[in-house]
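Worksheet: one structure, shown below.
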Number of protein chains: 2
Amino acid sequence: MLLSALKYSRQRESIKEFLANRYDHPTADMIYANMRALYPNISLGTVYRNLSLLVDMGEVLKLSVGDGPDRFDGNTDPHYHFICTECQNVLDLKMESIDHINVIAGQNFDGEIKGHMTYFYGVCGDCTKKS
Amino acid sequence: MLLSALKYSRQRESIKEFLANRYDHPTADMIYANMRALYPNISLGTVYRNLSLLVDMGEVLKLSVGDGPDRFDGNTDPHYHFICTECQNVLDLKMESIDHINVIAGQNFDGEIKGHMTYFYGVCGDCTKKS
DNA sequence: GTCCATGCAAATAATTTGCAACGCA
DNA sequence: TGCGTTGCAAATTATTTGCATGGAC
């Protein structure tokens, strides 16, 4: 819901930059903790408000991975995510497109399939080695 | 975590039966509202506790569809779900298996892909006709 | 009688929102 | 100056939990 013009905000820029340099898909709380190093008085509300704006603008992705709080991703290139069931980490997957599943899903469906959300899960490399 | 033996409970049986006959993937609140017709004093806590047990036993599926509360599905046959971005309804999809995407995802991945969670989204048949 | 299940209420977790002060344009 | 943004706190939403009582076995 973008009803009015956006104004520059240091906090928003910092959150965006922070996410652009992280590949571990942090939660709002983790982002908040890191932002406090830069802005000791920043509030969680500000973090949530700006994350929400950035998601609406398409500059950040919100990952709702079932249990636990939402996570945020500064990489908006289309890609998929893997959730390790041991350590709960969320990893990026380098894989070819699977957009054809939209066609498969639409074959017996009365309506329009516009996309899909897919999360892969299993045990990550690190956890496989540990066990 | 099932540490102790389960005892019969009318409430749990009713919730299970209710879900077995619904195809609209109700939320805990909706289940609660319906259960109150049968058990005027049933509490939300009881609904949540029993849903959690049923999910652990594999007799009910929990659907975490991003926004909004979790939904529950009494149909445990493997199948996929579609979320209408207009009316928010969650529909079952009759489609062939797409388990091959696990193989695709695992091709450049250092770890073990055990499965995936996929939700399709778009506009359902009813909403397409309305617009 | 033992121990799980229930109802009720309070607690928790994640996120959103109201409001007065602040800061970009 | 005008209106978006912030910090702070309170509110909301979804879900979980503690506890005394009730019910299954």
Side-chain angles (χ1 to χ4, degrees), chain A residues 1-19 25-57 59-73 83 88 90, chain B residues 1-19 25-57 59-73 83 88 90:
Chain A
M1 313 299 147
L2 195 52
L3 302 162
S4 51
L6 280 214
K7 255 168 206 177
Y8 172 85
S9 120
R10 284 168 297 159
Q11 290 90 332
R12 181 158 60 241
E13 281 313 298
S14 293
I15 290 171
K16 187 169 137 187
E17 195 195 329
F18 174 72
L19 282 175
H25 315 89
T27 63
D29 250 341
M30 295 160 75
I31 296 166
Y32 170 63
N34 278 275
M35 284 304 108
R36 276 188 93 85
L38 260 62
Y39 311 99
N41 295 317
I42 196 174
S43 72
L44 242 190
T46 296
V47 171
Y48 273 108
R49 270 184 292 237
N50 280 311
L51 284 172
S52 170
L53 283 172
L54 290 167
V55 169
D56 286 352
M57 293 187 295
E59 307 199 11
V60 160
L61 296 180
K62 175 156 85 165
L63 311 180
S64 299
V65 299
D67 277 5
D70 287 343
R71 289 162 167 270
F72 296 88
D73 190 343
I83 302 154
Q88 316 303 322
V90 178
Chain B
M1 311 303 146
L2 194 51
L3 302 163
S4 51
L6 279 215
K7 257 169 206 179
Y8 172 85
S9 119
R10 282 167 297 160
Q11 289 90 333
R12 182 159 57 242
E13 281 312 299
S14 292
I15 289 171
K16 188 170 135 186
E17 194 196 330
F18 174 73
L19 282 175
H25 316 89
T27 63
D29 249 341
M30 296 160 77
I31 296 166
Y32 171 62
N34 279 275
M35 285 303 109
R36 276 188 93 84
L38 259 62
Y39 311 99
N41 294 318
I42 195 173
S43 73
L44 241 192
T46 295
V47 171
Y48 272 108
R49 270 186 290 239
N50 279 312
L51 283 171
S52 172
L53 284 172
L54 290 167
V55 169
D56 286 351
M57 294 187 295
E59 306 199 11
V60 160
L61 296 180
K62 173 155 85 165
L63 311 180
S64 299
V65 300
D67 277 5
D70 288 342
R71 287 162 168 269
F72 297 88
D73 189 343
I83 302 154
Q88 316 304 321
V90 178

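Proteins get letters first, then strands, A, B, ... in listed order; numbering begins at 1 in each.
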Nucleotide N/O to protein N/O under 3.5 Å, stretch nucleotides 20-25 of chain D:
none

Separation of C:dA5 atom C1' from B:M35 atom CE, nearest Å, is 16 Å
Residues 26-55 of chain A vs salt bridge (Lys or Arg N to Asp or Glu O under 4.0 Å), sequence neighbours excluded, gives none
Whole-Å distance, B:L54 CG to C:dC4 C1', equals 15 Å
In this structure, OG of A:S52 is separated from CG of A:D70 (nearest 0.5 Å) by 11.0 Å
inquiry  = Is it the case that atom CD in A:E17 sees more than 12 heavy atoms from other parts of the structure closer than 6.0 Å?
reply    = no
A:L53 CG to C:dT15 P, in whole Å, measures 16 Å
note: B:Y32, atom OH; D:dT15, atom C1'; distance rounded to Å ~ 14 Å
Query raised in the report: With no hydrogens and no angle check, is any side-chain donor or acceptor of A:R12 less than 3.5 Å from a backbone partner on A:K7?
Result: yes
One should read off an interatomic distance between A:I15 CD1 and A:Y39 OH, to the nearest 0.5 angstrom, of 8.5 Å
Exercise. Given C:dG23, is OP1 or OP2 found less than 4.0 Å from the side-chain N or O atoms of A:Q11?
Worked result: no
Show each protein N/O and nucleotides 17-21 of chain C N/O combination with a separation under 3.5 Å, one pair to a line.
| residue | atom | partner | partner atom | Å |
| --- | --- | --- | --- | --- |
| C:dG18 | O6 | A:R49 | NH1 | 3.2 |

*Are any non-hydrogen side-chain atoms of B:L51 and B:K62 less than 4.5 angstrom apart?*
no
Report yes if the side chains of B:S64 and A:V65 come closer than 4.5 Å at any heavy-atom pair, otherwise no. no
> Is there a donor-acceptor pair closer than 3.5 Å between any side-chain N or O of B:H25 and the backbone N or O of B:F72?
Replying inline: no
Report which part of the nucleic acid B:D70 touches: base, sugar-phosphate, or nothing (heavy-atom distance under 4.0 Å, all strands).
sugar-phosphate
To the nearest angstrom, the CG-C1' distance between A:L51 and C:dA14 comes to 13 Å
Margin query: For B:R10, is there any backbone N or O sitting under 3.5 Å from a side-chain donor or acceptor partner on B:S14?
Written below: yes
Heavy-atom nearest nucleotide on DNA chain D taken for A:R36 and for B:G68; more 5' hit belongs to A:R36
Separation of D:dT6 atom P from A:R12 atom CZ, nearest Å, is 6 Å
Closest of C:dA5, D:dT6, C:dC8 to the A:N50 side chain is D:dT6
Whole-Å distance, A:D56 CG to D:dG4 P, equals 15 Å
Separation of C:dA5 atom C1' from B:I42 atom CD1, nearest Å, is 11 Å
